[in-house]
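One structure, pasted below without further comment.
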Amino acid sequence: MGPRNPDLHAHSTCSDGLLSPAEVVERAARNGVDLLALTDHDEIKGLAEAAAASQAAGIGFVPGVEVSVTWQGETLHIVGLGVDAGSDALKAGLAKVRSGRDARAQKMSDALADIGIHGVLDGALKYVGNPALVSRSHFARYLVEIGIAPHTDAVFKHYLAKGKPGYIETQWAHLAEAIEWIRASGGLPVVAHPGRYKISDAQYDTLFSSFRDLGGVGVEVVSGSQSPSKTGKFARYARRYGLLASRASDFHGDAGKRVDLGGCEPLPDGLTPIWSRLTDYY
Ligand code: AMP
Ligand code: MN
Ligand code: MN
Ligand code: MN
C-alpha cells in the first residue's frame, strides 16, 4: 500500500525554513506524515540529518531539493525527488546556482538603502541559517522586525516582488540544466507550485511540453503554496502531458500562517501519484 499522508516539499534552516531538518521531520511525524521530502532551495546539506531523524521517527524519507530556474524571464522552481546527495553533477550544479545569491543580497540591500531603508543585509543575516543560502525570505523577516510592514506577505508585495524597489533580477539555472542535474543524481524532476507563476496559458503549454521532453516527470497538482482553486487546472495539465502528480505543503515553519506539514488536500482522482515511482523510500 502507498503512503496515506505523503508530503513531498518542505524547507529547513538550510534554506529559508524556520526549523532544523530534524525538527521538520519530527513535526511531520507528529502530524501523521508517513512519506516526507526535504526540498531546500538550491541546497542538499540538510538531507543526512533529515534522513537520520526520519529513520528514528519511523517515517519514509525522500531526499529532495528545490532548484531555482529562470525560464522565459520568470523564476520557476523545479523540485527533485529521490536525488543522491553524493552526486557530483548535482553538487556542482547547485553550487553554481547558489553562487549568485551573495551579490544579489548586497544589491538588494543597496537598492533598499536607496529608498531610505538602511542596513538590511546585516539585519537579514541574523535570520540566515546557512550562509550559502541568503534568501528574500530572510530579508522579509528583518523588514517585518523593523516595522516596514506587518507581515512577510506585505513585505514581498511592496518591496521584494518583481518590479518592487528591493527586487534584483537574477539569472538562475536554465530549465534544461536543472532537469539534467536532478536526473543525473537519480531524481525525478517536478514542477513546483505551478499556480504561482505569472505566465499565460499558452506558456503553461510550452512549459509542460518542454519540461516533459527534457525529462521532467511530475507536477505539484496540490501545493500548500498555491490556491486550492488551482488544483483542477493543474490536474488537467498533468493528464494532458502525462505528468505524475505530487502533493506538497511547501512548509517553511510558519505554522498557522500556511498549510502545515501533511495538511494538504488529497490528490484528485484519475492521476498517477509520483510516489508510485518512489517505492524505494517507503
Ligand atoms: P529567493 O529564492 O531568495 O528569491 O526567495 C524565494 C522565497 O521567498 C520563496 O521560496 C518563498 O519562500 C518566499 N516568497 C516568495 N514570494 C513570497 C510572498 N509573496 N510571500 C511570502 N513569501 C514569499
Ligand atoms: Mn522558500
Ligand atoms: Mn518554491
Ligand atoms: Mn519551496
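We count residues from 1, following the sequence as given. Please read these numbers as outputs of a predicted model, since none were measured by experiment. For ligands, and for the atoms within them, numbers begin at 1 and follow the listed sequence.
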Do any of the N, O or S atoms of His77 sit under 2.8 Å from the Mn ion (ligand 4)?
->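 No, since none of the N, O or S atoms of His77 sits under 2.8 Å from the Mn ion (ligand 4).
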
Ligand 1 versus Arg258: contacting region, heavy-atom distance under 4.0 Å |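 Arg258 to ligand 1: side-chain contact only, backbone stays beyond 4.0 Å.
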
Are Glu66 and His193 linked by a side-chain donor-acceptor pair shorter than 3.5 Å?
->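 Short answer, yes.
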
Metal site angle (apex the Mn ion (ligand 2)), NE2 from His252 and NE2 from His41, 10 degrees |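 Seen from the Mn ion (ligand 2), NE2 and NE2 are separated by roughly 120°.
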
With respect to the Mn ion (ligand 2), what is the nearest N, O or S atom of Asp16?
->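 Going by distance to the Mn ion (ligand 2), the closest N, O or S atom in Asp16 is OD2.
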
Does His252 approach ligand 1 within less than 4.0 angstrom via side chain, backbone, both or neither, non-hydrogen atoms only?
->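 The part of His252 near ligand 1 is the side chain, not the backbone.
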
Between the side chain of Arg247 and the main-chain N/O of Val222, is any donor-acceptor distance below 3.5 Å?
->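 Side chain of Arg247 to backbone of Val222, a donor-acceptor pair under 3.5 Å: no, none is there.
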
Hey, is Arg104 one of the residues with a heavy atom under 4.0 angstrom from ligand 1?
->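 Right, Arg104 reaches ligand 1.
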
Given NE2 of His11 on one side and OE1 of Glu66 on the other, what angle do they make at the Mn ion (ligand 4), to 10°?
->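 Nearest ten degrees: 90°.
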
Hey, mind stepping through His252 and Asp16 against side-chain hydrogen bond (donor to acceptor under 3.5 Å, both in side chains) and telling me if it holds?
-> CA-CA 7 Å; His252 281 72; Asp16 59 348; 3.2 Å; yes

Mark yes or no for whether Glu145, through its side chain, and Tyr142, through its backbone, hold a donor-acceptor pair below 3.5 Å.
->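 Looks like no, no N/O pair under 3.5 Å.
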
Minimum-distance N/O/S atom that Asp250 presents toward the Mn ion (ligand 4) |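 Within Asp250, restricted to N, O or S, the Mn ion (ligand 4) is closest to atom OD1.
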
Given His138, Arg101, Arg136, which one has a non-hydrogen atom that is nearest to atom 2 (O) of ligand 1?
->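 The residue whose heavy atom sits nearest atom 2 (O) of ligand 1 is Arg101.
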
Hey, which of Asn31, Asp260, Asp7 is the one that makes side chain to side chain donor-acceptor pair (under 3.5 Å) with Ser249?
->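 Result: among Asn31, Asp260, Asp7, Asp7 is the only option passing the side chain to side chain donor-acceptor pair (under 3.5 Å) with Ser249.
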
Show me the side-chain donor-acceptor pairs of residues 270-282 shorter than 3.5 Å, one per line, residues at least two apart or across chains.
| unit_1 | atom_1 | unit_2 | atom_2 | d |
| --- | --- | --- | --- | --- |
| Ser276 | OG | Pro273 | O | 2.7 |
| Tyr282 | OH | Trp275 | O | 2.9 |

Quick one: look up the protein heavy atom nearest atom 5 (O) of ligand 1 and list residue, atom name and how far away it is.
->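 Protein heavy atom with the smallest distance to atom 5 (O) of ligand 1: Ser135 OG, 3.4 Å.
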
Should Ser137 be listed as contacting ligand 1, given a heavy-atom distance under 4.0 Å as the test?
->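 The answer is yes: ligand 1 sits under 4.0 Å from a heavy atom of Ser137.
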
Nearest non-hydrogen protein atom, atom 20 (N) of ligand 1 |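 That would be Asp153 OD1, 3.0 Å.
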
What residue pairs, at least two apart or across chains, pass side chain to side chain donor-acceptor pair (under 3.5 Å) with a residue in residues 214-234?
->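 Qualifying pairs: His9-Glu220, Arg196-Ser225, Asp201-Lys233, Ser223-Ser225, Ser225-Asp250, Ser227-Ser229.
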
Give a yes or no on whether His9 keeps an N, O or S atom under 2.8 Å from the Mn ion (ligand 4).
->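 Of the N, O and S atoms in His9, at least one lies under 2.8 Å from the Mn ion (ligand 4), which means yes.
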
Where on Asp16 is there a heavy atom closer than 4.0 Å to ligand 1, on the side chain, on the backbone, on both, or on neither?
->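 Near ligand 1, Asp16 shows its side chain, while the N, CA, C and O stay back.
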
Can the ring centres of Phe208 and Phe211 be said to be less than 6.0 Å apart?
->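 Distance test on ring centres: not under 6.0 Å, no.
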
Under 4.0 Å between a Lys/Arg side-chain N and an Asp/Glu carboxylate O for Arg141 and Asp254?
->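 No, this pair does not count.
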
Are Tyr197 and Tyr204 an aromatic pair by the rule of ring centers under 6.0 Å?
->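 Ring-ring flag for Tyr197/Tyr204: false, centres at least 6.0 Å apart.
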
Atom 19 (N) of ligand 1: which of Phe156, Tyr167, Phe139 has the nearest heavy atom?
->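 It is Phe156 that holds the nearest heavy atom.
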
